[in-house]
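Have a look at the structure below before the remarks.
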2 protein chains.
Amino acid sequence: MINIVNTDITYPELNRNPRILLGPGPSMVHPRVTSAMTAPMIGHLDPCFLQLMDKTQELLRYVFQTKNRVTIPISGTGSAGMEASLANFIEDGTPVLVCTNGFFGNRLVEMAERYRADLSVLRCPWGKAFTLDEIAEELKRKPAKVVAIVHAETSTGVLQPLEGLADIVHDQGGILVVDAVTSLTGINIPVDELGIDVCYSGTQKCLGVPPGLAPFTVSERAIEVIRNRKTKVSSWYLDLSIINAYWGKDRSYHHTAPVSMNYALYEGLRMVWEEGLENRWARHVENARLFWDGLEEIGLKPFIPEAQRLTTLTTVKIPSGVNDLEIRNQLLKVYNIEIAGGIGDLKGEIWRIGLMGYSSRKENLLLLLAAFKKLLNR
Amino acid sequence: MINIVNTDITYPELNRNPRILLGPGPSMVHPRVTSAMTAPMIGHLDPCFLQLMDKTQELLRYVFQTKNRVTIPISGTGSAGMEASLANFIEDGTPVLVCTNGFFGNRLVEMAERYRADLSVLRCPWGKAFTLDEIAEELKRKPAKVVAIVHAETSTGVLQPLEGLADIVHDQGGILVVDAVTSLTGINIPVDELGIDVCYSGTQKCLGVPPGLAPFTVSERAIEVIRNRKTKVSSWYLDLSIINAYWGKDRSYHHTAPVSMNYALYEGLRMVWEEGLENRWARHVENARLFWDGLEEIGLKPFIPEAQRLTTLTTVKIPSGVNDLEIRNQLLKVYNIEIAGGIGDLKGEIWRIGLMGYSSRKENLLLLLAAFKKLLNR
């Protein structure tokens with residue numbers, strides 16, 4: 001046995017008080033997913049783990065609605081997925097267009113710059129979506145080999161329509177990269193049907209899995225871009241050609257997979273599959289609508305008009321005279337509920353309220369509305 | 001409640017059969033660490049999580065034996081730590097020396113190339129350690145701003161002595177980067193005393209935590225190198241200056257921390273602290289020696305002479321006429337024990353047997369010896 005020597009409480013046991021997580025993520029995690037992480041550790045080349053990888057890839061293809069062979073979890077959080085979505089397709093001077101209307105669009109800009117793209121940035125105000133025409137016009141002015149855009153902008157609550165965009169991007173010889181961090185399995189995003197070439201997400205939002213992995217899918221068209229690279233990807237850790245040699249049939253060792261996180265992902269994906277994608281989207285719509293009705297009843301106004309509003313993440317205007325931080329602190333301290341404030345351009349202007357994955361439940365939205373009513377004296 | 005529609009068993013429950021993990025990692029995970037991952041999900045900016053971050057940093061400083069302010073877990077596996085250890089300190093044309101005597105040294109070479117270093121590579125045969133003189137001579141020939149070396153080479157089982165190396169590196173104006181993936185908490189590596197500037201490890205070896213995080217520490221001298229950079233680090237995800245704004249007092253959001261993995265790390269570190277570092281090293285020595293004695297009894301020969309041999313990972317020569325894969329398959333199928341074969345230059349030549357962290361127990365080594373005896377008819 002292992003001998004225990006230091007026994008004071010400088011380092012106390014983990015706090016296990018639950019929170020009701022209704023911010024922009026992490027969302028709450030179903031007990032089945034939590035329990036999956038307690039499965040015994042096995043090696044990353046164990047036949048059982050290789051089977052788990054195959055099943056996970058099948059389920060990831062199901063949630064991305066894709067036939068893409070290269071459909072894997074990247075061993076990092078959603079931001080690692082974001083970086084992989086650019087790093088693999090940009091060489092020095094590759095013409096790239098990033099369309100940004102929020103904090104995460106801006107992060108795409110920042111990353112593309114670091115990878116030394118010949119970068120164009122198309123901006124529209126935070127809270128608005130782009131029209132196809134705006135993007136088409138910019139690409140006519142300056143064509144791009146990579147066009148990146150956020151499907152569900154977590155900083156504003158705007159849904160970006162994607163229908164028709166891939167055609168425009170492909171016609172001028174580029175690939176379409178889409179951030180689906182706050183939409184995957186919460187809002188319909190049919191990757192193949194939309195012609196998206198690279199799509200990534202995070203586990204901790206609508207999937208209801210702890211943060212730590214980035215579901216990722218790559219079309220054949222985008223694989224071709226990787227094949228034709230003249231230089232290696234500067235990030236070894238995020239180099240898809242060698243990551244895929246592990247996830248593909250070679251099973252060549254790249255890095256030690258985060259085994260427990262992969263257990264959690266598998267169980268989370270299994271729960272999506274059991275519920276069914278269509279039912280899951282419908283649940284997110286239904287609960288969002290109930291929440292919006294409740295907001296109206298207590299006189300709180302969504303920041304985004306209903307037609308462009310995310311069902312997974314609602315942004316709410318902070319009423320004038322109300323202390324943002326005070327209300328959020330009270331929600332956390334008195335009712336154990338986490339929501340988030342605005343970031344970037346919208347700091348102090350909005351609250352960000354997520355009803356995603358296992359957090360998207362009627363008991364949660366009802367409680368939050370009741371707590372708002374109390375704290376705001378509505 | 002969430003409605004369950006698809007109920008066939010295309011996607012069965014997770015396999016929960018335990019394995020006895022005696023390879024080069026992942027090691028086995030103590031039930032306390034496994035259980036820590038089941039703590040309820042909380043936000044990455046929750047006051048409780050911020051407290052956990054502080055305590056985790058204290059404990060990481062304890063295991064690295066350092067006062068370094070910037071001592072954090074990188075949100076990726078050990079390889080992400082390796083990449084961060086170079087990416088942050090290399091700009092185009094930075095003179096870098098990598099000393100390599102194995103697979104993981106070669107990976108450092110590969111990464112330094114990708115980050116466009118002006119790279120020198122000092123090689124010695126797999127299975128040998130470098131002498132101080134060899135490195136000093138190479139640095140006299142061509143000075144380097146970054147010198148990287150592996151403390152415990154997982155591909156060969158060699159321990160690299162580090163005493164005096166930092167002085168040589170510092171005297172010619174560089175920083176010393178050390179890979180402690182297979183040594184941290186299993187073998188004494190006093191970061192401050194040795195003058196190491198950047199040191200990284202993985203959670204899944206001697207720490208006995210699932211794979212997924214990379215403990216990482218940076219000296220003030222190395223922080224100064226980051227401060228004096230003229231260009232941004234090309235990897236946004238691994239950029240320490242912005243990662244540290246989250247782990248430092250600003251708490252600026254960088255990426256969503258892998259919360260459950262951080263729970264596991266905290267519990268794993270707490271167990272190291274309870275056992276005491278010195279006792280932990282002694283346990284690894286004691287069990288390694290018992291294992292080596294047992295190997296001798298059945299006529300198996302360690303690949304590395306005792307003076308340079310790792311206590312955490314023993315490499316064993318595969319006796320002539322013995323089928324490597326057959327034996328490893330039998331170990332796994334019949335006795336549920338995982339060990340690993342050689343990689344790179346040593347493929348088919350050796351077995352790699354880890355007695356690390358919670359795997360370093362007498363019942364495990366006794367069982368493995370007994371299984372070898374059976375399978376090899378000794």
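Note on naming: letters A, B, ... go to the chains in the order of the sequence lines (proteins, then strands), and numbering restarts at 1 for each one.
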At a 4.5 Å cut-off on heavy atoms, which part of Pro31(A) comes close to chain B: side chain, backbone, both, or neither?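 For Pro31(A), there is no contact with chain B at all, as no heavy atom is under 4.5 Å.
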
I need the Tyr253(B) OH to Phe103(A) CZ distance, nearest 0.5 Å.
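Spacing of OH (Tyr253(B)) from CZ (Phe103(A)) equals 6.5 Å.
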
[X] versus chain A, the contacting section by heavy-atom distance below 4.5 Å:
X	answer
Ile242(B)	side chain
Phe49(B)	neither
Ile42(B)	both

Could you check if a side-chain atom of [X] sits within less than 4.5 angstrom of a side-chain atom of [Y], using non-hydrogen atoms only?
X	Y	result
Pro26(B)	Thr256(A)	yes
Arg270(A)	Leu14(B)	no
Thr38(A)	Arg16(B)	yes

Does Lys232(B) offer a backbone N or O that forms a donor-acceptor pair with the side chain of Arg114(A) under 3.5 Å?
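No; judged by distance alone, with no hydrogens or angles, the pair does not exist.
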
Q: Could you tell me which of Pro210(A), Ala264(A), Gly212(A) has the largest number of non-hydrogen atom pairs under 4.5 Å with chain B?
A: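 Highest number of pairs under 4.5 Å: Pro210(A).
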
(Q) Which one wins on heavy-atom pair count under 4.5 Å against chain B: Met28(A), Glu110(A), Met82(A)? (A)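 So the answer, after comparing Met28(A), Glu110(A), Met82(A), is Glu110(A).
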
query = With Tyr11(B), which of Glu267(A), Glu58(A), Glu274(A) fulfils side-chain hydrogen bond (donor to acceptor under 3.5 Å, both in side chains)?
reply =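 Among Glu267(A), Glu58(A), Glu274(A), the one meeting side-chain hydrogen bond (donor to acceptor under 3.5 Å, both in side chains) with Tyr11(B) is Glu58(A).
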
Practice prompt. Scan for side-chain hydrogen bond (donor to acceptor under 3.5 Å, both in side chains) pairs involving residues 40-53 of chain B, sequence neighbours excluded, and state none if there are none.
Written response: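 Output for this query lists Arg19(A)-Asp46(B).
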
